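Let me begin by presenting the structure, written as structure tokens, before commenting on it.
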There are 2 protein chains.
Amino acid sequence: MPEAPLSSAPLFEGLSAADVAAILAAAHRRRYGRADFVCHQGDPVDAVYMVAGGRVRLTQLEVDGQEVVIRFIGPGDIFGAVAAFKVTQFPVSGEVVEASEVLAWDRATMVSLIERHPRLGQNLMAILSGRIQEMRERIGDLQTQRVERRIARALLRLAQQAGQRTATGILINLPLSRQDLAEMTGTTLYTVSRVLSQWEADGIVKPGRERVEILRPHALVTIAEDLPSP
Amino acid sequence: MPEAPLSSAPLFEGLSAADVAAILAAAHRRRYGRADFVCHQGDPVDAVYMVAGGRVRLTQLEVDGQEVVIRFIGPGDIFGAVAAFKVTQFPVSGEVVEASEVLAWDRATMVSLIERHPRLGQNLMAILSGRIQEMRERIGDLQTQRVERRIARALLRLAQQAGQRTATGILINLPLSRQDLAEMTGTTLYTVSRVLSQWEADGIVKPGRERVEILRPHALVTIAEDLPSP
DNA sequence: CGAACGATTGACCCAACTCAAATGCGGTGG
DNA sequence: CCACCGCATTTGAGTTGGGTCAATCGTTCG
């Protein structure tokens, strides 16, 4: 699986290779295995993190014990920024779903790096803005769309960030349970299972244990966009 | 109604009075009347805005024409930052619900101000982080909570940002229709109406035409937190 | 091989949506 | 000052998407 170099991460856009090297050099590194937690909701944070390799699932625990999957993040993605600049406690938990390496800059370091490289600050702002934008879309979806449509959109998003071309379609290259999909789309694992079964009968996807392969992406787009099925 | 001075806005936290004055001096000002739009979804943006007075409702239009209320903003609140640093188009529309004055810094100005006053950048980051945090909570609510609970939480949030003490309780000092509440909480105006009627019967709120007064805030908190009603 | 865990499927149910109709408030113009 | 109009709101009746619960099946892994 080809892994883009970290230097091409959005956080480093527009910075010289030398600057990026300096910034990377200021980070601490840490490795994690599958099912490790890189952070727990409520832990104090004083750093900004970046995934260097592997994949992490960020979840939020509701008061009543239900879990909500906020997002999956992979190489080049950052997390902890919200906490570092505002709340000082992790608002989410991060569970490793694929062995990972994580970089960390403590808050003071990041602040001084930003002062030295203003572009870094702008990039960070752009990243946070992008998150806000995504979440607004998700809120819009949850408020106005049917479950089937939300699941279709979630699969397409996942395909984009972790899709792998196969002989027959696009495999979402992540251990992804029905429960995960339910927590991403605000439904139950039962409903997800039913929808996927239906789509399997229609030849749109090929679901498996903790895996989903998309056979006809276009059909999924049709559902996601709520177009008349042609 | 006592209006906190703009200089105490979160954006200016930790900056000297002189710095704040300089930053404010760099902004353009503009006035709007009720029902004016300060921005339309899709318009190009190249500036960061701050509400100096009045109140604005930010809404997002879904593909199918349904509206979603993202938030109400008032004096000291900023908007447009997401677009300025990322998408370059307003992701939302802003309708004035109470005559308003708005400040604007174009992107280049804001960038150079941030370079001159690093704290300004940190504050902006903190504000964006706060937004992300709020939206995560909202997503969690939408995915896991009943409508009644979401309405209670929305009212409490509104009371906090636009509440006015009265002889009998707290009045939400905004023209706020059932439709608005429905679009904030992801339900229909019919359901909102029914819930408010029930609460009125219980003596918790006193609903009126485009207005809601909270008589027993504590009861609302009980519902919002899903505690056993004592 | 058996335990543990993910997934599937059926049966039932209800919170909330839809649609329709009536009511009442607020402003406006005669 | 009153009559009227438009719009927000209320309320009823009927419907349903999808949640809940329970039982079963299939796989993976110790």
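Keep in mind the model is a prediction, meaning the values are calculated, not measured. Per chain, numbering begins at 1; letters A, B, ... match sequence-line order. What you see below is based on every heavy atom in this structure, not just the backbone, and it leaves out hydrogens, waters and symmetry mates.
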### Message
Output the rounded distance in Å from CG (B/L189) to P (D/dG12).
### Response
16 Å
### B/E213 side chain to B/T168 side chain, donor-acceptor N/O pair below 3.5 angstrom
yes
### Task
Pick out which of B/R157, B/R153, B/R150 makes a salt bridge (Lys or Arg N to Asp or Glu O under 4.0 Å) with B/D141.
B/R153
### Summary
Separation between CG (B/L174) and CG (B/L171), nearest 0.5 Å, reads 9.0 Å
#### Entry: Contact check, side chains of B/L6 and B/L103, non-hydrogen atoms, under 4.5 Å
yes
### Query
Looking at CZ of B/R149 and OG1 of B/T222, how far apart are the two atoms once the value is rounded to the nearest 0.5 Å?
11.5 Å
### Task
Kindly compute the distance separating CD1 (B/I132) from OG (A/S129), expressed to the nearest 0.5 Å.
8.0 Å
### Task
Can you measure from CZ (B/R31) to CG (B/D36) and round to the nearest 0.5 angstrom?
12.5 Å
### Task
Report the distance from atom CH2 of A/W199 to atom CZ of A/R194, rounding to the nearest 0.5 Å.
15.0 Å
### Query
Separation of A/L142 atom CG from D/dG19 atom P, in whole Å?
11 Å
### Query
Just how far, in rounded Å, is C1' of D/dG12 from CZ of B/R194?
7 Å
### Query
Can we say B/E101 and B/R29 salt-bridge, meaning some charged N sits less than 4.0 Å from an Asp/Glu carboxylate O?
yes
### Query
Rounding to a whole Å, what distance do you find between A/R211:CZ and C/dT8:P?
13 Å
### Query
Do A/R138 and A/Q143 touch side chain to side chain, with heavy atoms closer than 4.5 Å?
no
### Task
Could you state the atom-to-atom distance from CG of B/D180 to C1' of D/dA8 in whole Å?
11 Å
### Task
Nearest whole angstrom, please: distance from the P of C/dC17 to the CD of B/Q179.
12 Å
### Message
How many whole angstroms separate atom CD of B/E183 from atom C1' of C/dC17?
### Response
16 Å
#### Entry: Global bending angle along the helix from C/dC1-D/dG30 to C/dG30-D/dC1, which compares the axes of five pairs at either end, to 10 degrees
40°
### Query
What string of B, S and - do you get for nucleotides 21-26 of chain C, 5' to 3', when a contact is any protein heavy atom under 4.0 Å?
---BBS
### Query
Does B/R178 place a side-chain N or O at less than 4.0 Å from the phosphate oxygens OP1/OP2 of D/dT9?
yes
### Query
Is it true that atom NE2 of B/H40 has more than 12 heavy atoms of other residues, nucleotides or ligands lying nearer than 6.0 Å?
yes
Throw together a table of side-chain donor-acceptor distances under 3.5 angstrom for residues 67-90 of chain A, partners on residues two or more places apart or in other chains.
residue, atom, partner, partner atom, Å
A/R71, NH2, A/E134, OE1, 2.9
A/R71, NH2, A/E134, OE2, 3.4
A/D77, OD2, A/G74, N, 2.9

Show every donor-acceptor pair shorter than 3.5 Å between a side-chain atom in residues 181-188 of chain A and any protein atom, with sequence neighbours excluded, or say none if there are none.
residue, atom, partner, partner atom, Å
A/E183, OE2, A/Q179, NE2, 2.8
A/T185, OG1, A/L181, O, 2.8
A/T188, OG1, A/T191, N, 3.3
A/T188, OG1, A/T191, OG1, 3.2

Sub-3.5 Å pairs of nitrogen or oxygen atoms, protein against nucleotides 14-16 of chain C:
residue, atom, partner, partner atom, Å
C/dA16, OP1, B/V147, N, 2.8

### Message
Between C1' on C/dG6 and CG on A/L181, what's the gap in Å once rounded to a whole number?
### Response
13 Å
### Task
Mind listing the residues from residues 197-206 of chain B sitting with a heavy atom below 4.0 Å of DNA chain C? Number order is fine.
none
### Message
Once you apply a heavy-atom cut-off of 4.0 Å, does B/S193 come out as touching a base, just sugar-phosphate, or nothing?
### Response
base
### Query
Rounded to the nearest 0.5 Å, what separation is found between the CD atom of A/E210 and the CG atom of A/D180?
7.5 Å
